[in-house]
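This is a predicted model, so every value here is computed, not measured.
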Amino acid sequence: MSNGLLSRTFTLVPNVATIALDNLMTGCSELRAIRPEALVVINGKKYPIGGLYKQPVQNFLAFNFLEQMQNCDTAFIYTSHEIGPTIERFPYRPKKEWISNQYSWPAPGQRVTFTYKAAPKAPSEIQAIVVKVIYELYDGAPILSKQIEVENLGKQAVILESFKSEILALTETAPKVYYGEPHEIRILAQEPGTYIQNPKKEPVQTDAPRDYIDRFTQLFVVTDYAMGGDMEAMKDNPAVRWVFDHPQYEATGIRYYGQYKPARLEVSPLIGPNYEIEPGKTFQSCTAFEMLRDATDSERRGLAECRFWRMMAPWTQENPILMHVRRSDEESVKSAIDQCANVGFEMVIMTFGSGFNIENNSPEYLSIMKRLNEYASSKGITLGGYSLLASRGAKDKDAAISRETGKPAVTREEGSRFGKSPCLASEWGNTYFNTLRNFFKETGMGIFENDGSYPGDPCASTQHNGHKGYLDSQWKQWEMIRDFYRWCRQESIYLNVPDWYFLSGSNKVPMGYVETNWSLPREYQEVIERQNIFDGTWNKTPSMGYMFVPLTQYHGGGEAATIEPLCEHLDHYQIRLQNLFGAGVQACYRGPRLYDTEETRQLVTHWVAFYKKHRNILDSDLIHLRRPDGRDWDGILHVNPNLKHKGFLSVYNPLPITIERNIRVPVYYTGLHNRVSVKEKDGKAIVHTVKRDYSIQLKISIPPKGFNWYVFE
């Protein structure tokens, strides 16, 4: 499989095995040894899927080694393969009015499905099992996805206790490290090897730190089995594991006083899934996504990740302008809708603490909400609201049960990330998600803010109707939240979810701010806001992260921290609007209103119109020029070689005096490699010659405590 950027090569005899994973952008080989294509544990026994054995040395893979290698007598054996176009993982109806740069769904490319049957000597119940390993390679990007399916064609159920859908023995890229904090500890608060799945407490392969590994490896790997509540791709992917490749590698690799190089990638859930596959049924694994990089500099690596999210989760590019209304009574909501419509906002969310209750399924309440939504629709506004999931508390019979205590888990050590929380695979979970679906069907609302999404808590209950016990509890709960988010994506319901569920259908996470930032005095918030945006867009597009504007008091800080009365703080309000719209980043403007006087209304309208005029380029990729420090100018450059305006430079001045600077602006990613026509605002164009390092020298001027912008063509 090759698209000119990435190549994965298989041998088909005597069994299917990956024999090369090549980075065609750098010319480097990423694979050093053959491992099975996957591995399943069914009814207590391990079965490799494909793969070859007896490689003489593990440090590198020469093609002449293949002549000596053999099939494993317990491995599932290749029978056939099919090739076709990529298919969508789930339906998606885009909201085109919110998307400046729309990507195809599914991402175009080729899909290859390898089919395997059990080995001749496998037990009779295994003889009826068919395993499919599915790859997709996407056009125009070094991205490959992989998943497995396990189909039971027999007459009796089998238990898929665990699986590894990817096993790659990769070249050594990271320096030697001690063991990092394994996912078992970070997510489950358990020492590796001590949980019930490994009752003998045998040594297990523990993870190297993901964020550490990511600094060195050229392979970016994530899955849709994402949870944890850290809102980072590297941390919220517990199924992705970089492990120390022994005992296979220890004989020929290097070990130094207990330190290893993490040189094997595995994709496997922490526990379970302990999934019962009934006759005629098929189990589908999570999907792993692998992207090769071509550089080590942070900007280019970050741009590659942004391209990944644009292609693999194109709904993340929906970027509506939204308000958090503080009260959910009809008068307050209608007033917020009217104000949003008057200034050009596009969405109203009945926020936390507003009194909105999405779980109130009484006909009277649903009728009120439907009426409000119809009013919002008549004004061109999308309406919806908030619900808290994890950390909300729960009745004992509904709570996630600790395996340690047999009681509801309330601490991380007992198995709960965020305090006492309900188990989604329970009758409570069925009721909750059915209530949510019914609410949206009855009211027609189009935005759901699901705070505290499923963080990965296991549950040891044997009484809940959605899972059998501890080992299948995480997988079953993840399926519940995944299926609901996919349903929302199909129904064009926008999802604000402060957890990394992008590959399951969510649209936005927080950009990366600390909530107590918004209790500081206003003047401090101005610089901190830009720092949050600057830092948060290294690995997210501008549309993937939301910020926060406390029109009224949030956590604390009193009058010094808030903008109300709005008309008395227009200078600050304008800086916040410039910060956000100049970066293409939306915020939760939380309060009862967006304006209080005609002058305030004109201010907000002006900057909304500014954003909409330049929306295409402002929603595009972002180059980091100078981080805000409160001492000098700071700025970012939006780039998109596919637009007429191929670059948009946003520069800010935190000082009370005018700033004039000659700055170097890198223009490589604008696609303008010879000459650049630059306009200050809507002024006269000045042509610059691009230097050999793909930059221009630009003289900028920024007013006191002000903002300026330059358009590149």
Side-chain angles (χ1 to χ4, degrees), residues 86-94 99 102-109 111 134-138 141-149 165-166 183 187 210 214 219-241 265 267-270 273 284-291 302 304-318 448 450 453-456 474-475 477-510 539-541 543-545:
T86 56
I87 64 174
E88 63 181 18
R89 299 195 308 280
F90 48 87
Y92 164 47
R93 290 194 294 125
I99 300 180
Q102 188 169 347
Y103 281 71
S104 299
W105 178 253
R111 181 181 179 95
I134 303 165
Y135 294 91
E136 288 191 344
L137 181 62
Y138 304 99
I143 302 172
L144 181 84
S145 71
K146 184 180 181 183
Q147 66 179 121
I148 66 170
E149 294 181 355
S165 59
E166 180 66 293
H183 288 311
I187 299 291
R210 280 294 307 281
D214 189 60
L219 189 63
F220 171 79
V221 187
V222 292
T223 76
D224 56 354
Y225 196 70
M227 59 191 72
D230 282 308
M231 294 171 279
E232 294 182 26
M234 290 297 98
K235 291 184 178 179
D236 287 345
N237 265 272
V240 179
R241 316 194 67 159
L265 168 71
V267 174
S268 179
L270 287 178
Q284 292 184 328
S285 75
C286 53
T287 303
F289 299 85
E290 303 165 10
M291 179 181 69
E305 287 186 40
C306 289
R307 178 67 179 273
F308 172 89
W309 297 113
R310 292 181 190 275
M311 291 183 65
M312 298 298 102
W315 43 87
T316 60
Q317 302 313 292
E318 297 178 5
F448 182 48
N450 198 194
S453 188
Y454 176 59
Q474 188 182 74
W475 186 270
Q477 291 184 81
W478 171 74
E479 284 187 326
M480 293 285 287
I481 196 76
R482 177 204 65 184
D483 291 349
F484 176 69
Y485 288 162
R486 288 182 172 186
W487 178 82
C488 289
R489 197 70 293 114
Q490 178 181 339
E491 299 298 317
S492 290
I493 298 168
Y494 193 85
L495 288 169
N496 255 18
V497 180
D499 292 284
W500 207 267
Y501 276 90
F502 290 127
L503 291 170
S504 294
S506 69
N507 295 85
K508 261 185 173 57
V509 297
N539 305 104
K540 294 191 287 288
T541 67
S543 59
M544 290 171 65

Query - From CA spacing to verdict: side-chain contact (heavy atoms from CB on, under 4.5 Å), M227, I481 - result: CA-CA 10 Å; M227 59 191 72; I481 196 76; over 6 Å; no
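- D224 approaches L503 most closely through the heavy-atom pair CB-CB, 3.7 Å.
- The OG atom of S165 sits 8.5 Å away from atom CD of Q147, with the distance rounded to the nearest 0.5 Å.
- Nearest heavy-atom pair, Q490 versus R93, reported as atom, atom and distance to 0.1 Å: O-NE, 3.0 Å.
- Here P498 pairs with M231, D451, P510, Y546 under the side chain to side chain contact (heavy atoms under 4.5 Å, CB included) rule; sequence neighbours left out.
- Nearest heavy atom pair, residue T316 against residue S543, reads O-OG, 2.7 Å.
- One distance of note links CE of M291 with CD1 of I143; it measures 6.0 Å at 0.5 Å rounding.
- The side-chain contact (heavy atoms from CB on, under 4.5 Å) test with S285 singles out one residue from T223, I148, I134, and that residue is I148.
- In this model, a donor atom of one side chain and an acceptor atom of the other lie less than 3.5 Å apart for W475 and E479.
- Classified by interplanar angle (parallel below 30°, tilted 30° to 60°, perpendicular above 60°), the ring pair F90/W105 is tilted.
- Of the inter-residue distances, the one linking R486 atom CZ with E491 atom CD reads 15.0 Å to the nearest 0.5 angstrom.
- In summary, the side chains of N450 and Y501 do not present any donor paired with an acceptor at a separation below 3.5 Å, with no hydrogens or angles considered.
- Checking side-chain atoms of N507 against main-chain N and O of W315 turns up a donor-acceptor pair under 3.5 Å.
- Looking only at side-chain heavy atoms (C-beta outward), E290 and E166 come within less than 4.5 Å of each other.
- At a threshold of 4.5 Å between non-hydrogen side-chain atoms, the residues Y225 and Q474 count as touching.
- Shown are Y103, F289, W500; of these, the ring pair (Phe, Tyr, Trp, His ring centres under 6.0 Å) with W309 is made only by W500.
- Between Y494 and K508, some side-chain heavy-atom pair lies under the 4.5 Å cut-off.
- Residue D499 comes nearest to G229 through the heavy atom pair OD1-CA, 2.9 Å, listed as atom of the first residue, atom of the second, then distance.
- D236 places a side-chain N or O within donor-acceptor distance of the main-chain N or O of D230, the cut-off being under 3.5 Å.
- From F308, atom CZ reaches atom CE of M312 across 6.5 Å, with rounding to the nearest 0.5 Å.
- In this structure, R489 and E318 approach most closely via the heavy-atom pair NH2-OE1, 4.2 Å.
- The closest side-chain heavy-atom distance from V222 to F502 is not below 4.5 Å.
- For the ring-ring contact (aromatic ring centres under 6.0 Å, His included) test, residues two or more places apart in sequence or in another chain that qualify with F448 are F440, F484.
- Annotation: the span from I87 atom CD1 to E136 atom CD amounts to 6.0 Å, rounded to 0.5 Å.
- For the residue pair C286 and V267, the shortest heavy atom distance occurs at SG-CG1, 4.5 Å.
- Here the side chains of Q317 and R310 are in contact, with some heavy-atom distance below 4.5 Å.
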